[in-house]
Number of protein chains: 2
Amino acid sequence: MSTSNKPVPRRSARGSSAGDERTGPVTLQQVAERAGVSPSTVSRILNGTAVVSDDKKKAVDDAIKELGFVPNPVARGLAGGRTLSVGVVTQAIDSPFYGGAHRGIEDTLLPAGYSPLFISGHWDDTAEARCIEVLRSRRVDGLIVLTGRMDDEALKGLARQLPIVVTGRDLSAPGVYSLNFDDLHGARLATEHLLSLGHKRIAFIGGDPLHPDSGKREQGYREALQAHGVAVDEALLQEGNYQEESGLQAIERLLASGVPFTAIFAANDQMAFGAALALHRRGLRVPHDVSLVGFDDVATSSFTVPPLSSVHQPVYELGRLAATAMLDLLAGRQPEAALPAPHIVVRESTAAI
Amino acid sequence: MSTSNKPVPRRSARGSSAGDERTGPVTLQQVAERAGVSPSTVSRILNGTAVVSDDKKKAVDDAIKELGFVPNPVARGLAGGRTLSVGVVTQAIDSPFYGGAHRGIEDTLLPAGYSPLFISGHWDDTAEARCIEVLRSRRVDGLIVLTGRMDDEALKGLARQLPIVVTGRDLSAPGVYSLNFDDLHGARLATEHLLSLGHKRIAFIGGDPLHPDSGKREQGYREALQAHGVAVDEALLQEGNYQEESGLQAIERLLASGVPFTAIFAANDQMAFGAALALHRRGLRVPHDVSLVGFDDVATSSFTVPPLSSVHQPVYELGRLAATAMLDLLAGRQPEAALPAPHIVVRESTAAI
DNA sequence: TTGTATGCGTTATCAA
DNA sequence: TTGATAACGCATACAA
């Protein structure tokens with residue numbers, strides 16, 4: 001009546017006595033038995049580690065298909081030291097800007113058999129360090145760092161342990177591949193667009209000064225002005241922090257100061273949205289009274305009222321390229337991805353003076 | 001001169017002969033040696049699996065601290081069957097709507113020692129099934145499904161294998177916890193807000209009919225109208241797909257049809273943005289000529305021109321609660337999280353007729 | 001080309 | 001309360 005008391009296997013009884021009632025996932029071992037080969041052979045076929053005879057290969061492939069075998073990444077991670085996962089240190093998992101990059105990364109990693117592991121650093125270097133700890137403890141095979149605050153040296157040190165792709169900076173070191181936007185050029189484009197429309201009194205709303213790209217964008221603004229013989233009026237420069245609210249406040253300050261301007265270049269779209277709202281509240285129309293151009297060209301910018309002219313950043317492409325470069329690094333190839341040059345998308349928020 | 005040819009350990013030499021030049025992470029084994037106890041004891045202390053004497057516990061704790069030991073989740077996953085990770089099936093990693101939920105999930109899982117594994121289903125049930133396969137192969141301890149297309153039965157089946165928290169539907173089954181917005185009530189609130197402002201010709205832009213919440217929102221609209229003695233005019237209902245463009249087209253169709261209306265209720269904010277743009281293109285002002293209310297209250301809605309009145313969905317809270325419920329399930333507790341009721345945020349896109 | 005044996009770092013079983 | 005010891009599922013060094 002009662003079951004015998006002989007010791008039972010630790011977990012569920014795989015391939016139990018009667019019938020086919022398999023419980024739990026199929027193992028490589030089972031595939032090997034089914035195909036009549038050794039586990040090593042199956043492993044070799046799976047990883048292309050060695051040449052195996054065609055007939056055995058076929059037998060194994062068949063067994064895999066019949067059994068619906070799927071390798072266990074956890075075991076693979078333990079045994080081979082590879083987890084087929086790559087850590088992605090982003091700044092905010094819900095960032096409207098990096099969102100595109102996240103999608104690009106996911107879209108290219110998944111088909112390659114790798115899984116991205118996203119984690120947010122919140123623009124805080126100690127938080128970033130913690131993220132990296134978590135990721136390393138999970139034995140990710142590589143690291144994609146989307147911009148981030150940690151310094152170059154720390155990154156180089158990390159690169160001795162695992163391959164790294166970093167965006168938002170130029171950094172060349174062994175095991176590191178970097179991908180960078182040309183923020184300077186982009187900002188120049190935005191300013192020149194306004195200039196070409198006849199604007200001379202162009203306000204600038206800067207991004208978070210702690211972000212490296214922020215300075216570049218301001219520099220591009222200054223350079224374009226100077227190149228066109230327009231003196232930069234420091235009263236026209238307002239500091240922001242890349243959030244909508246800061247753009248709104250910047251324009252309110254500017255309006256309150258009484259300094260005249262006919263156009264605004266915001267260092268990102270979110271601040272441009274805030275600026276547009278500030279203008280609207282004062283009864284100023286875009287672009288009739290004030291022209292407005294943003295930076296990043298986030299998804300919603302095509303549908304604001306009016307649609308926002310903006311410097312397009314190929315963020316999705318950035319994600320794809322970063323992931324592709326990581327795949328290259330992981331495969332021992334030298335990545336050669338490069339970002340397309342920025343360009344401006346002219347919509348309805350800018351007009352001739 | 002040359003190094004000896006005796007067989008070397010498979011990977012790097014841990015705890016090598018001379019000095020302290022440890023390579024690679026510290027292992028539990030090393031902690032055990034250092035503390036003068038067996039590995040099992042260390043494991044027990046780590047997991048609280050059994051009571052251990054205070055002195056040994058202290059010795060182990062010290063060793064852990066001195067060595068900077070950090071358990072290897074991969075090995076844990078293999079041995080114990082727990083990976084301390086939970087899979088999150090979302091619809092788009094860059095969704096402006098679910099973004100808040102992702103953040104909520106991350107914010108609550110990470111401090112608890114769990115890592116979220118995000119993967120996008122793209123509103124496609126076969127893609128969703130693939131996602132779940134990937135997640136299961138990675139041996140996640142639980143699954144959070146943000147809405148999704150897969151049917152209840154499939155979910156119930158899955159729940160026999162691992163705990164599941166699902167949003168966007170009511171589903172009670174063993175191992176499943178569901179969290180649902182009251183879309184019906186929310187839609188009623190939006191419509192009643194418009195009604196209270198004196199509007200009677202209220203257009204409705206529906207969401208993707210394939211989404212379950214879409215029907216609820218339409219139903220709420222209809223019920224509110226009827227409850228207030230306003231006949232619903234089918235000509236006022238336009239179909240959308242939750243994207244901005246579809247909102248724009250819906251209003252263009254409505255305008256072209258010549259059917260009069262003084263207000264619009266869009267089933268989500270993104271379509272409301274499209275609608276606002278369509279209105280703007282025709283020279284119609286919001287809210288002066290047409291009142292507009294959205295649904296979801298996404299982050300950007302506070303900064304559109306004009307700021308959008310919308311039914312607030314506690315998405316971040318949803319993420320937190322889903323993750324909390326998952327933690328409960330994982331710990332063998334019965335979750336009791338419940339979502340707050342929807343409420344409408346009145347901003348500047350609605351006005352009395 | 002293939003199989004055997006061993007180890008990856010941890011948890012779980014069992015006996016002490 | 002504690003310690004051997006055997007898994008977990010796979011990859012690799014080595015022998016054949």
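Worth knowing before you read on, the calculation uses all heavy atoms, side chains too, and leaves out hydrogens, waters and symmetry mates. In what follows, chains carry the letters A, B, and so on, assigned in the order in which the sequence lines appear, proteins first and then strands, with residues in each chain numbered from 1.
Regarding B:R82, its CZ atom lies at a distance of 15 Å from the C1' atom of D:dC8, rounded to whole Å. Rounded to a whole Å, the CD atom of B:E33 is 12 Å from the P atom of D:dA4.
In this structure, the salt bridge (charged side-chain N to carboxylate O under 4.0 Å, His left out) partners of A:K57, at least two apart in sequence or on a different chain, are A:D61.
Here the nucleotide nearest the side chain of B:L78, chosen from D:dC8, C:dT11, D:dG3, is D:dC8. Counting only heavy atoms from C-beta on, B:V37 has its side chain closest to D:dG3 among C:dT10, C:dG3, D:dG3. Among C:dT11, C:dG7, D:dG3, the nucleotide with an atom closest to any side-chain atom of A:A79 is C:dG7. Comparing atom distances between the A:L28 side chain and each of D:dG3, D:dC10, C:dT10 picks out D:dC10 as nearest. Comparing D:dC10, D:dA4, C:dG9 against the side chain of B:S40 picks out D:dA4 as the nearest.
Using modelled atom types and a 3.5 Å distance limit, the side chains of A:S38 and A:T41 yield a donor-acceptor pair.
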Margin query: Under the criterion salt bridge (Lys or Arg N to Asp or Glu O under 4.0 Å), I'd like the reasoning laid out for A:E133 against A:R130: C-alpha separation, chi angles, the key distance, then a yes or no.
Written below: CA-CA 5 Å; A:E133 261 327 291; A:R130 230 183 356 253; over 6 Å; no
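Contact check on B:D54 versus B:K58 returns no salt bridge, with no Lys/Arg side-chain nitrogen under 4.0 Å from an Asp/Glu carboxylate oxygen.
Sorted by first and then second residue, the pairs that involve residues 103-117 of chain A and meet salt bridge (Lys or Arg N to Asp or Glu O under 4.0 Å), not counting sequence neighbours, are A:R103-B:D94. Every pair passing salt bridge (Lys or Arg N to Asp or Glu O under 4.0 Å) that includes a residue from residues 318-332 of chain A is listed here, sequence neighbours excluded: A:D328-A:R333.
At the heavy-atom level, A:P71 lies under 4.0 Å from the strands shown only through sugar-phosphate atoms.
Among the candidates B:L109, B:L162, B:I105, the single residue satisfying the side-chain contact (heavy atoms from CB on, under 4.5 Å) test with B:V86 is B:L109.
Between A:R76 and D:dA11, a side-chain N or O to OP1/OP2 separation shorter than 4.0 Å is present.
Around atom CG of B:D55, more than 12 heavy atoms belonging to other residues, nucleotides or ligands sit under 6.0 Å away.
The stretch residues 42-60 of chain B comes close to DNA chain C through B:S43, B:N47, each having a heavy atom under 4.0 Å from the strand.
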Show which side-chain atoms of residues 68-85 of chain B pair as donor or acceptor with protein atoms under 3.5 Å away, not counting sequence neighbours.
| residue | atom | partner | partner atom | Å |
| --- | --- | --- | --- | --- |
| B:N72 | OD1 | B:V74 | N | 2.7 |
| B:N72 | OD1 | B:A75 | N | 3.3 |
| B:T83 | OG1 | B:S85 | OG | 2.8 |
| B:T83 | OG1 | B:R139 | O | 2.6 |
| B:T83 | OG1 | B:D141 | OD1 | 3.4 |

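Note that the two end axes of the helix from C:dT1-D:dA16 to C:dA16-D:dT1 enclose an angle of 40°, each drawn from 5 base pairs, rounded to 10 degrees.
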